[in-house]
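Everything below concerns the one structure shown next.
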Amino acid sequence: MTEAGGLRLFLDRSTNAKSFAQAARELCPDVLTIGDLYGVTPAEAVQDQQWIADATADGRICVGADKAILSNPLELRAILEHSARYLVFTDNNTPTRRRIAHFRELYEHILPLADIPGPWAYKLTRGGLHAVPADALQARLEQILERANKRSGE
């Protein structure tokens with residue numbers, strides 16, 4: 001089993017709150033936020049595809065709360081192309097204190113994911129971690145692109 005020292009996290013804009021970052025760092029010694037990497041103000045303009053590529057190249061598991069990333073073709077393509085690993089809370093409207101508690105509850109289940117190569121995503125739900133493997137991500141991307149092609153051909 002991976003120890004906390006083997007887990008390297010990257011917090012995106014949706015999990016970049018100081019209190020969440022501090023709580024994550026209490027559990028995991030290697031946490032980088034999007035603000036740490038790019039600067040707080042410039043981070044607002046960094047495209048999701050860019051930070052996914054950069055965080056993945058640095059060996060980090062991305063953590064976010066915008067589940068729409070799993071239905072956006074640009075982000076799905078970035079996850080697949082860069083073999084990203086992504087943990088996503090399923091409700092972006094959850095208060096940070098509840099998100100922190102949820103992350104703490106799931107942390108022991110998150111640790112072993114450091115040893116699993118990407119691409120993959122896991123949804124952090126009230127029922128636990130739910131895997132979205134590479135083939136499911138690819139199928140989502142293909143369905144989205146197919147629907148877009150049908151709409152543009154109408």
Side-chain angles (χ1 to χ4, degrees), residues 1-17 20-38 43-44 46-94 96 98-149:
M1 175 157 154
T2 300
E3 294 184 21
L7 186 64
R8 303 178 75 225
L9 301 176
F10 180 85
L11 308 183
D12 75 4
R13 282 182 289 271
S14 62
T15 53
N16 194 33
F20 186 84
Q22 178 182 343
R25 286 182 174 116
E26 289 170 5
L27 295 168
C28 176
D30 195 347
V31 174
L32 183 70
T33 71
I34 193 167
D36 296 335
L37 182 60
Y38 301 107
E44 292 302 316
V46 175
Q47 297 294 312
D48 289 344
Q49 306 91 288
Q50 185 63 53
W51 64 253
I52 290 169
D54 293 343
T56 300
D58 194 31
R60 295 183 181 278
I61 294 175
C62 303
V63 181
D66 183 5
K67 69 179 179 179
I69 204 162
L70 298 179
S71 58
N72 182 303
L74 295 174
E75 283 84 5
L76 279 171
R77 188 174 284 124
I79 290 169
L80 291 163
E81 285 179 6
H82 299 288
S83 295
R85 302 173 298 163
Y86 196 80
L87 298 170
V88 61
F89 290 94
T90 56
D91 185 355
N92 197 20
N93 296 318
T94 301
T96 301
R98 285 191 29 220
R99 192 173 290 146
I100 290 168
H102 193 197
F103 191 76
R104 285 181 176 143
E105 289 169 9
L106 295 175
Y107 187 71
E108 290 301 317
H109 301 281
I110 292 169
L111 276 173
L113 300 178
D115 296 329
I116 301 173
W120 52 253
Y122 275 83
K123 294 179 184 177
L124 288 79
T125 71
R126 290 184 184 142
L129 293 174
H130 294 280
V132 184
D135 58 342
L137 294 169
Q138 183 66 46
R140 283 180 183 210
L141 177 59
E142 290 170 7
Q143 289 171 350
I144 292 166
L145 295 175
E146 184 178 318
R147 283 193 301 264
N149 287 336

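As the structure is a computational prediction, the values presented were derived from the model and not from experiment.
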Close side-chain approach of [X] to [Y], heavy-atom, < 4.5 Å:
| X | Y | answer |
| --- | --- | --- |
| L124 | K67 | no |
| F103 | T15 | no |
| I116 | R85 | no |
| K123 | L70 | yes |
| N72 | Q49 | no |
| D30 | F10 | no |
| R140 | V132 | yes |
| D12 | Y86 | yes |

Rounded distance [0.5 Å steps], [atom1] in [X] versus [atom2] in [Y]:
| X | Y | atom1 | atom2 | answer |
| --- | --- | --- | --- | --- |
| T94 | I100 | OG1 | CD1 | 12.0 Å |
| Y107 | C28 | OH | SG | 4.0 Å |
| H130 | T90 | NE2 | OG1 | 8.5 Å |
| L145 | L141 | CG | CG | 4.5 Å |
| D48 | R13 | CG | CZ | 5.0 Å |
| I79 | L74 | CD1 | CG | 11.5 Å |

Using the rule given for side-chain contact (heavy atoms from CB on, under 4.5 Å), can you reason through Y122 versus H109, listing the C-alpha separation, both sets of side-chain angles and the distance that settles it, and then say yes or no? CA-CA 11 Å; Y122 275 83; H109 301 281; over 6 Å; no
Between R60 and D54, does any NZ, NE, NH1 or NH2 come within less than 4.0 Å of an OD or OE carboxylate oxygen? no
Taking every non-hydrogen atom, the tightest pair across [X] and [Y]:
| X | Y | value |
| --- | --- | --- |
| A23 | R104 | CB-NH2, 3.7 Å |
| G6 | A114 | O-CB, 3.7 Å |
| I144 | S71 | CD1-O, 3.1 Å |
| L137 | A121 | CD1-N, 4.1 Å |
| T33 | R25 | CG2-NH2, 3.9 Å |
| P119 | A134 | O-CB, 3.4 Å |

Residues L87, W120; criterion side-chain contact (heavy atoms from CB on, under 4.5 Å); working and verdict: CA-CA 9 Å; L87 298 170; W120 52 253; 4.1 Å; yes
Apply side-chain contact (heavy atoms from CB on, under 4.5 Å) to residues V63 and V31 and explain how you reach the verdict. CA-CA 10 Å; V63 181; V31 174; over 6 Å; no
Do L106 and R126 pass the side-chain contact (heavy atoms from CB on, under 4.5 Å) test, and can you show the C-alpha distance, the side-chain angles, and the key distance before you say yes or no? CA-CA 9 Å; L106 295 175; R126 290 184 184 142; over 6 Å; no
